[in-house]
Amino acid sequence: MPELPEVETVRAGLERWVSGRTIASVEVMHPRAVRRHLAGASDFAGLLAGRTILGARRRGKYLWLPLDSGDALLGHLGMSGQLLVQPVEAPDETHLRVRLRFTDGGRELRFVDQRTFGGLAVDPGGAELPHPIQHIARDPVDPLFSDTEFIARTRSRRTGIKRALLDQSLISGVGNIYADEALWRSKLHWARPTETLTRPAVALLLASVRGVLGDALLAGGTSFDSLYVNVNGESGYFDRSLAVYGRRDEPCPRCGTPIRRDPFMNRSSYTCPRCQPRPRNARW
DNA sequence: CGCGCCTCCTGTGTGC
DNA sequence: TGCACACAGGAGGCGC
């Protein structure tokens, strides 16, 4: 699933392959892919045609392409979204949702999304920071991310620490996979009440978050050397580096205890029962 | 207002 | 063999 490292890999690919190019035409094959563009698919296409893409930016798991009109093409990959740069003659993907062709006649940009949780929209005047994502917190690799503020806000929460990590208005870019990995590195259980964490404990957790995101980013960088804008987060190279996520009953890399899976928010949490014992005052 | 549950969606895997 | 169902999960929206 695309979390910050995967989305950053895509952003770098867009910067390389579509920045500076002018959009000729836009084809929306599935209306759900542009459902966040409330004015509809034809309005979406009309705002893009003739516009030049100035760059590729990211906040957390959101991507946007600033346009020469001052608008932004905003995108979220959801769980299965891909932005692919393909030769115009390449056959359509099964789940192709949106196609952008360019005036130079070169490779086209395709939004492909099996489960359609992702989508694209044009935000008028949003080139600097699209309006729909102004509530999204800075991500922990953003130079302007405030550690002090994050620590204070986390400790003032009244929830479990994993819920806090997944809250994109507190810290963005972290999803289920990297939350579990960071908690394991910090030896914290997912149900640990946020208000019982000391400042140093939250600081250590933040360092773990940055560590796991950075490691994944390095792995993503190595695989991103093709003509594609690679978004294959689910079967990625970083799988081998995961300590706990998806590893039920396998030995903890630190102590050998079998990894445990717990239901959490209609999904899963993976922990080492020995390194990350469940707190008595568990909160979830 | 803070918190937490529900829902959107479809392909894959599993058990009977 | 085929069917039913659990599961994967980001994030907006809404209820309490």
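Note that this is a predicted model, so its numbers are computed, not measured. Labels below follow one simple rule: chain letters A, B, ... track the order of the sequence lines, proteins then strands, and each chain is numbered from 1.
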(message) Base contacts versus sugar-phosphate-only contacts with protein, heavy atoms under 4.0 Å: please encode nucleotides 10-16 of chain C as B, S and - from 5' to 3'.
(response) BBS----

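- Going from atom CE of A:Met265 over to atom C1' of B:dT7 covers 13 Å, rounded to whole Å.
- Computed from coordinates, the A:Asp262 CG to C:dA6 P distance equals 19 Å when rounded to whole Å.
- The interatomic distance linking A:Arg115 (CZ) with B:dC9 (C1') rounds to 8 Å, in whole Å.
- Pairing each heavy atom of A:Ser172 with each of A:Gly60, the nearest pair is OG-CA, 3.2 Å.
- The residue among A:Thr94 and A:Arg158 whose nearest nucleotide of DNA chain B lies closer to the 5′ end is A:Arg158.
- In this structure, CZ of A:Arg155 is placed 19 Å from C1' of B:dG2, rounded to the nearest angstrom.
- Nucleic acid contact class of A:Ser80 (heavy atoms, under 4.0 Å, all strands): none.
- In this entry the distance linking CZ of A:Arg261 with P of B:dT14 reads 14 Å, nearest Å.
- One can place CG of A:Leu170 at 13 Å from P of B:dG4, the figure rounded to the nearest angstrom.
- Overall, the helix from B:dG2-C:dC16 to B:dC16-C:dG2 carries an axis bend of 60° between its ends, with five pairs at each end and the value rounded to 10°.
- Taking atom CZ of residue A:Phe264 and atom P of nucleotide B:dC3, one finds them 14 Å apart after rounding to whole Å.
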Scan the side chains in residues 41-54 of chain A for donor-acceptor partners under 3.5 Å anywhere in the protein, sequence neighbours excluded, and list what turns up.
from    : atom 1 : to      : atom 2 : distance (Å)
A:Asp43 : OD2    : A:His37 : NE2    : 2.7
A:Arg51 : NE     : A:Asp68 : OD1    : 2.7
A:Thr52 : OG1    : A:Thr22 : OG1    : 2.7

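- Residue pairs meeting the side-chain hydrogen bond (donor to acceptor under 3.5 Å, both in side chains) criterion with at least one partner in residues 23-33 of chain A, sequence neighbours excluded, are A:Glu27-A:Arg99, A:Arg32-A:Thr116.
- Atom P of nucleotide C:dA8 and atom CG of A:Asp180 are separated by 11 Å, given to the nearest angstrom.
- Sorted by first then second residue, the ring pair (Phe, Tyr, Trp, His ring centres under 6.0 Å) pairs that include residues 114-151 of chain A, not counting sequence neighbours, are A:Phe145-A:Phe150.
- Looking at A:Glu181, its side chain never comes within 3.5 Å of a backbone N or O of A:Ser208 through a donor-acceptor pair.
- Contact check on A:Asp147 versus A:Arg210 returns a salt bridge, with a Lys/Arg side-chain nitrogen under 4.0 Å from an Asp/Glu carboxylate oxygen.
- For the pair A:Arg59 and A:Trp64, the NZ or CZ position fails the cation-pi test of under 6.0 Å to the six-membered ring centre and within 45 degrees of the ring normal.
- Candidate nucleotides C:dA8, B:dC9, B:dT10 were compared by shortest atom distance to the side chain of A:Thr116, and B:dC9 ranks first.
- Contact check on A:Asp139 versus A:Lys61 returns no salt bridge, with no Lys/Arg side-chain nitrogen under 4.0 Å from an Asp/Glu carboxylate oxygen.
- Sorted by first then second residue, the ring pair (Phe, Tyr, Trp, His ring centres under 6.0 Å) pairs that include residues 69-112 of chain A, not counting sequence neighbours, are A:Tyr62-A:His76.
- OP1 or OP2 of B:dG11 has at least one side-chain nitrogen or oxygen of A:His95 nearer than 4.0 Å.
- Close to B:dG4, at under 4.0 Å from its OP1 or OP2, lies a side-chain N or O of A:Thr159.
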